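Before anything else, here's the structure in question.
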There are 2 protein chains.
Amino acid sequence: MAISSRFSVAVHIISLLEISKPERLTSEFIASSVNTNSVVVRRIMGMLNKAGIINTSPGVAGAMISRPIAQITLLDVYLAVEVDHQDHLFSIHDKANPNCLVGKNIQHTLDQRFTQAQRAMENELANVTLEQIVTDLLIQDSSISSTTTTINKG
Amino acid sequence: MAISSRFSVAVHIISLLEISKPERLTSEFIASSVNTNSVVVRRIMGMLNKAGIINTSPGVAGAMISRPIAQITLLDVYLAVEVDHQDHLFSIHDKANPNCLVGKNIQHTLDQRFTQAQRAMENELANVTLEQIVTDLLIQDSSISSTTTTINKG
DNA sequence: CACACCTGTAACTATAATGGTTACAGGATC
DNA sequence: GATCCTGTAACCATTATAGTTACAGGTGTG
């Protein structure tokens, strides 16, 4: 299965928070931009909060981004919301027959190669900051149809 | 969710076929090495067959590896068995609000970055051949406990 | 030819992750 | 106190995975 859309939603949320600063956005409002349920937004914001990327407070709308977005990478966000398989992107069948040459050694052999591939992917994510993402969003918007776009329509 | 273990099982199967050459292994035998059901093995071998990596024939045990394993990469195997998300490893929420600056442009922005990260991972897989994997398996085995290992114990 | 063996595949199951939804306790603010 | 909001539990539908049973049909040998 693919990497869940929590990742892209999380990037969406942070971008929206940044662009809308210092306005305090409710989860309901953010949800209308993402086009999902507000609980889904609060769930993901909870993960980002736990990871120290944003700061939320019970009862109070909005969230503060904890540091300049030039210092937040896609990898940070990825690790925050894909907690489940942050250790191993690839899964390896784990009960292979130890009496077989292949079965005995396949796990260790593949783990090395898979880890290397995963690292390569993560390095790419680490090289992109949320600042670059927001810049991309603004550039694309201005080059396409800036006149018809607003932040506040949800 | 993580990348399915079909990938690691597929590598296991090809390695076993190679090391056991020219013996013809039944899916039942292979399954006992992987420690799974023979249908699971036949299913994955079917995908490898369809991808042109191995050649199987109905009714006849065993499979021929279609080309020297130095010419088969982990990426080839990956693409063969992870057909589902070979296009996009990352999923992006796809119904974001087009009336919002972020919602309108997030999909294209992230797609570019995600594709780059995915390519980096795939490049690593493309740089490893099944020959290297088999070599790794043999080296590890000889350095650990070659005397107690057999290929034929399933 | 008959039989034993094997593959390919359909069908069903259990399990788990995901995303959406309702509900509600409790914090914050006016 | 009334209102709004967050955090979170609970539940559901959907989907992917992996295992299992069953069987049709190909293969090859006695």
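Please read these numbers as outputs of a predicted model, since none were measured by experiment.
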- OP1, OP2 of C/dG19 versus side-chain N and O of A/S5: anything below 4.0 Å? yes
- Taken to the nearest whole Å, CG/B/N37 to P/C/dA14 is 16 Å
- Task: Could you check how far NE2 of A/H93 sits from P of D/dG19, rounded to whole Å?
- Result: 10 Å
- Given D/dA18, C/dT18, C/dG20, which nucleotide is nearest the side-chain atoms of A/S4? C/dT18
- A/T73 backbone acceptor or donor facing A/T129 side chain under 3.5 Å: no
- Starting at the 5' end of DNA chain C, which residue's closest nucleotide do you reach first, B/T26 or B/S91? B/T26
- Any side-chain N or O of A/T56 less than 4.0 Å from the OP1 or OP2 oxygen of D/dG7? yes
- Taken to the nearest whole Å, CD1/B/I3 to C1'/D/dA16 is 14 Å
- Side chain of A/R6 - closest among D/dC5, D/dG19, C/dT18: C/dT18
- Query: Rounded to whole angstrom units, what separation is found between the CG atom of B/N49 and the P atom of C/dG8?
  - Reply: 7 Å
- Whole-Å distance separating the CD atom of B/E28 from the P atom of C/dT7: 9 Å
- Under 30°, 30 to 60°, or over 60°: which ring-plane class applies to A/Y78 and B/F90, parallel, tilted or perpendicular? perpendicular
- Starting at atom CD1 of B/I30, determine the distance to atom C1' of C/dC5, rounded to an integer number of angstrom. 15 Å
- Item | Donor-acceptor contact present, side-chain B/N97 to main-chain A/S32, <3.5 Å | yes
- Item | Close side-chain approach of B/F114 to B/H88, heavy-atom, < 4.5 Å | no
- Report yes if the side chains of B/I133 and B/I69 come closer than 4.5 Å at any heavy-atom pair, otherwise no. no
- Message: Checking contacts here: which listed nucleotide (C/dT21, C/dT9, C/dC6) is nearest the side-chain heavy atoms of B/V39?
- Response: C/dT9
- Using heavy atoms to find the nearest nucleotide of DNA chain D for A/R43 and A/G62 separately, return the residue whose nucleotide is more 5′. A/G62
- Query: Are A/K95 and D/dG19 close enough that a side-chain N or O sits under 4.0 Å from OP1 or OP2?
  - Reply: yes
- Interatomic distance, B/F7 CZ vs D/dA16 P [rounded to whole Å]: 20 Å
- Query: Which of parallel (below 30°), tilted (30 to 60°) and perpendicular (above 60°) describes A/H12 and B/H93?
  - Reply: tilted
- Message: Of the listed nucleotides (C/dG20, C/dT18, C/dG8), which one gets closest to any side-chain atom of A/E82?
- Response: C/dT18
- To the side chain of A/R42, which of D/dG7, C/dT21, C/dT7 is closest? D/dG7
- Query: Can you check the A/M45 CE to D/dG7 P distance for me, whole Å?
  - Reply: 7 Å
For nucleotides 24-30 of chain D, which of its nitrogen or oxygen atoms have a protein nitrogen or oxygen under 3.5 Å away, and what is each distance?
{"from": "D/dG26", "atom 1": "N2", "to": "B/G59", "atom 2": "O", "distance (Å)": "3.3"}

- Item | Single hit among A/L130, A/I65, A/L137 for side chain to side chain contact (heavy atoms under 4.5 Å, CB included) with A/E18 | A/I65
- Do A/V41 and A/T36 have side chains that get closer than 4.5 Å, going by heavy atoms? yes
- Using a cut-off of 4.0 Å on non-hydrogen atoms, how would the nucleic acid contact of A/S38 be classed: base, sugar-phosphate, or nothing? nothing
